[in-house]
K.L.:
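Below is a structure I'd like to ask you about.
Below, chain A is the first sequence line, B the second, and so on; all start at residue 1.
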There are 2 protein chains.
Amino acid sequence: MTGERIHPSCDESFGQRIAQTLQLLQASLPVQRRMVHAGDKIYRVGQEFGSLHVVSTGMVKVVNLSADGREQVVALHFRGDWLGLEAIATGSYACDAVAMDTGEVWSVPYAQLLTAALSQPQLLRALHDAMSRQLARDHDSLQSLCALPTDARVASFLHYWADAMAKRGLRTDQISLHMTRAEIGNYLGMTLESVSRALSRLARCDIIRFLEKGRREIHIPRVEALDSFVRQAAALPAAISD
Amino acid sequence: MTGERIHPSCDESFGQRIAQTLQLLQASLPVQRRMVHAGDKIYRVGQEFGSLHVVSTGMVKVVNLSADGREQVVALHFRGDWLGLEAIATGSYACDAVAMDTGEVWSVPYAQLLTAALSQPQLLRALHDAMSRQLARDHDSLQSLCALPTDARVASFLHYWADAMAKRGLRTDQISLHMTRAEIGNYLGMTLESVSRALSRLARCDIIRFLEKGRREIHIPRVEALDSFVRQAAALPAAISD
DNA sequence: CGATCTATTGAGCCTATTCAACCGTCGTGG
DNA sequence: CCACGACGGTTGAATAGGCTCAATAGATCG
């Protein structure tokens, strides 16, 4: 293991684990690589389930479609994340998976993955870890939605994003959200105006800064500042600082 | 492979699948059965992960503990549901699992489960199905939280509960919530007063009825009524359709 | 019976939504 | 080239939905 560190708090080994998993997949299965661009769908709701997918590069949003046609972003995925897990039980995808960026997605037939997993326990471990992490992440999302006011929810979202980047060895002080305010709002259960206002307020407190005029590039001087902002908002449901 | 079918929407066979899974577990692993009563903890946050748990009878709530001590109910589990899945990746439980009722919980060491799964593919399938279902369920929770007003969220909650009972072959017209209004509110991201008001309104519309004076027994004449109530609230945040 | 817990309901307030106007950027086409 | 519209973002004013605070009542239990 090469000794390189970027972030103190998060484990550096996570990025390596991702790389290992991707290598393992490639070595032991006929993965089908696919280049995707923003807006491309990796799979669609209702489509028959056959394969799981792993994000190699790029970012993917998972959109739940309700019966009456409304859309709900329920998860975001980055390098190393698995897609389609929610379809295993039912046999058909319950969501759309949409690329938010140019990237590469690998697909592996679920049946073959299981077969390979019998002789490669690490594969099974990787799959279970991915599912487990997703469950834990969903719980955190739920808690944010239930317990935090809008501003803190946006802060928590940024923190999550920065954390996801840090875990993958990418720079965390400057993140570029490949989402519109409307998409962010949809994911966080609020309106696009509220997202905009929250971001403006965070910028006013100097917790974040906008780079360029196109305000999707966000500079985060200190990630801990986001954390403490969330923490404080959580403790006092209705406190207002000047 | 024995003849098995997966229904798209509302499978009658679900209850049978649960029974089969429990039998399978019992037959191929040293499950440790444990009787639990309301308030008992199956596992605690921070505790080292070693075993997964399956609800045999009774109901269990999973409570996420945030850094600052606030509690958040993130999931509810019934017969056949697996507990502790979110701990696989990290190696330690991230939540408390608390019995809401008298019941029985089976525990199986994860390592032994994996070993057994190598020779019993159905075991692995059952585990994956459970995780997959939980992920899909989490997505639905997220969507409810994000998109529905309080009344509809309560209605959706009751519908979910009734559905869970129905899938397990239990009576669905009369459900007994083993939760206080405060717990329900915590789970649904609203205050206990809002829960109370929502229930009162639903009762006023005759979508539900209270049995007895202790108002946790709820009679649901027509489950479809709950569904249509949710659907209508979802479609029009403020719009008007005859 | 008093003490405690849970639930219901009302009144006022506050947060986040709705509605609206405005600005900047980006393509497109006259 | 500029006019134009489409789109994404910001900000303000007014509204409303849900929260807070508070009072009341039933239930349970020692």
Side-chain angles (χ1 to χ4, degrees), chain A residues 38-39 70 73 100 144-158 176-205 208-218 232-242, chain B residues 38-39 70 100 144-158 176-205 208-218 232-234 236-240:
Chain A
R70 292 169 311 103
V73 177
M100 296 192 297
S144 287
L145 260 120
C146 282
L148 297 181
T150 53
D151 288 16
R153 234 147 62 215
V154 172
S156 171
F157 167 74
L158 292 175
S176 102
L177 309 170
H178 294 257
M179 307 172 74
T180 66
R181 303 289 192 257
E183 277 179 316
I184 298 173
N186 181 292
Y187 180 51
L188 298 179
M190 55 209 242
T191 61
L192 66 94
E193 292 95 331
S194 291
V195 176
S196 182
R197 279 186 246 269
L199 287 173
S200 295
R201 271 190 284 263
L202 288 174
R204 211 166 295 137
C205 301
I208 64 171
R209 280 175 207 155
F210 291 112
L211 309 174
E212 320 278 333
K213 268 304 182 189
R215 321 182 80 182
R216 294 206 192 168
E217 303 283 328
I218 292 181
Q232 148 189 346
L236 336 167
I240 300 160
S241 61
D242 60 306
Chain B
R70 292 169 310 103
M100 297 192 296
S144 287
L145 234 55
C146 282
L148 297 181
T150 53
D151 288 15
R153 232 142 69 212
V154 171
S156 171
F157 166 75
L158 292 175
S176 103
L177 309 170
H178 293 258
M179 306 173 74
T180 66
R181 303 289 192 257
E183 278 179 315
I184 298 173
N186 181 292
Y187 180 52
L188 297 180
M190 56 209 241
T191 60
L192 66 93
E193 292 95 332
S194 290
V195 175
S196 182
R197 279 186 246 270
L199 288 173
S200 295
R201 270 190 284 265
L202 289 173
R204 211 166 294 135
C205 299
I208 64 172
R209 280 175 207 157
F210 291 111
L211 308 174
E212 321 277 331
K213 270 303 182 188
R215 322 182 78 179
R216 293 204 194 168
E217 303 284 326
I218 292 180
Q232 148 190 344
L236 354 152
I240 303 144

K.L.:
Rounded to the nearest Å, what distance is computed from the CD atom of residue A:Glu217 to the C1' atom of nucleotide D:dG9?
P.N.:
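The distance from CD of A:Glu217 to C1' of D:dG9 comes to 15 Å, rounded to the nearest Å.
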K.L.:
Let me know the distance between CZ of B:Phe210 and C1' of D:dG26, rounded to the nearest Å.
P.N.:
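Interatomic distance, CZ of B:Phe210 to C1' of D:dG26: 14 Å.
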K.L.:
Which pair of non-hydrogen atoms, one from B:Arg70 and one from A:Ala147, has the smallest distance, and what is that distance?
P.N.:
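Heavy atoms of B:Arg70 and A:Ala147 come nearest at NH1-CB, 3.1 Å.
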K.L.:
Walk me through it: do A:Ile218 and A:Leu199 pass the test side chain to side chain contact (heavy atoms under 4.5 Å, CB included)?
P.N.:
CA-CA 10 Å; A:Ile218 292 181; A:Leu199 287 173; 4.2 Å; yes
K.L.:
Which nucleotide, C:dA16, D:dG18, D:dT11, lies nearest any side-chain atom of A:Ser196?
P.N.:
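Minimum distance to the A:Ser196 side chain belongs to D:dT11.
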K.L.:
Starting from P on C:dC13, measure out to CD on B:Glu193 and report it in whole angstrom.
P.N.:
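After rounding, the reported distance stands at 17 Å.
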K.L.:
A:Leu148 has an atom CG; how far is it from atom P of C:dA16, in whole Å?
P.N.:
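Distance check: A:Leu148 CG to C:dA16 P gives 11 Å.
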K.L.:
Strictly below 4.0 Å: does B:Thr191 bring a side-chain N or O up to OP1 or OP2 of D:dG18?
P.N.:
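Negative; the distance criterion is not met.
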K.L.:
In whole angstrom, what separates B:Arg181's CZ from C:dT9's C1'?
P.N.:
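It is 13 Å, rounded to the nearest whole Å.
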K.L.:
Would you name the heavy atoms of B:Arg201 and B:Asp151 that are closest together and state the gap between them?
P.N.:
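Residues B:Arg201 and B:Asp151, closest heavy atoms: NE-OD2, 2.7 Å.
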K.L.:
Examine D:dG8: is either OP1 or OP2 under 4.0 Å from a nitrogen or oxygen in the side chain of A:Thr180? Give yes or no.
P.N.:
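So the side-chain polar atoms of A:Thr180 never come under 4.0 Å of the phosphate oxygens OP1 or OP2 of D:dG8.
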K.L.:
Is it the case that C:dT9 (base atoms only) and B:Arg215 (side chain only) share a donor and an acceptor within less than 3.5 Å, ignoring hydrogens and angles?
P.N.:
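No, the side chain and the base share no sub-3.5 Å donor-acceptor pair.
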K.L.:
Donor-acceptor pair, B:Arg216 side chain versus B:Ser176 backbone, under 3.5 Å?
P.N.:
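Between the backbone of B:Ser176 and the side chain of B:Arg216 there is no qualifying donor-acceptor contact (under 3.5 Å).
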K.L.:
What's B:Leu192 touching, base or sugar-phosphate or nothing? Going by heavy atoms closer than 4.0 Å.
P.N.:
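Counting heavy atoms under 4.0 Å across all strands, the contact made by B:Leu192 includes a base.
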K.L.:
Checking A:Ser156 against A:Leu148 for the side chain to side chain contact (heavy atoms under 4.5 Å, CB included) test, could you report, in this order, the C-alpha distance in whole Å, the side-chain angles of both residues, the deciding distance, and whether it holds?
P.N.:
CA-CA 9 Å; A:Ser156 171; A:Leu148 297 181; 4.1 Å; yes
K.L.:
From CD of A:Glu183 over to P of D:dG9, roughly how many Å is that when rounded to an integer?
P.N.:
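To the nearest whole Å, that distance equals 9 Å.
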K.L.:
Would you say the base of C:dG10 and the side-chain of B:Arg197 have a donor-acceptor pair closer than 3.5 Å?
P.N.:
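When only heavy-atom distances are counted, B:Arg197 does reach the base of C:dG10 through a donor-acceptor pair under 3.5 Å.
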K.L.:
Phosphate oxygens OP1/OP2 of C:dA16: is one of them under 4.0 Å from a side-chain N or O of A:Ser194?
P.N.:
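False: A:Ser194 side-chain N/O out of range (4.0 Å or more) of C:dA16 OP1/OP2.
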K.L.:
How would you label the contact of A:Gly185 with the nucleic acid (heavy atoms, under 4.0 Å): base, sugar-phosphate, or nothing?
P.N.:
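It contacts nothing in the nucleic acid.
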K.L.:
Can you check the A:Asn186 CG to D:dG8 P distance for me, whole Å?
P.N.:
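After rounding, the gap between these two atoms is 14 Å.
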K.L.:
With a cut-off of less than 4.0 Å, is there a side-chain N or O of A:Arg216 near OP1 or OP2 of D:dG9?
P.N.:
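Answer yes for this pair, as a side-chain N or O of A:Arg216 is under 4.0 Å from OP1 or OP2.
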K.L.:
Given atom CG of A:Leu199 and atom C1' of D:dG9, what is their separation to the nearest angstrom?
P.N.:
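A:Leu199 atom CG is separated from D:dG9 atom C1' by 10 Å.
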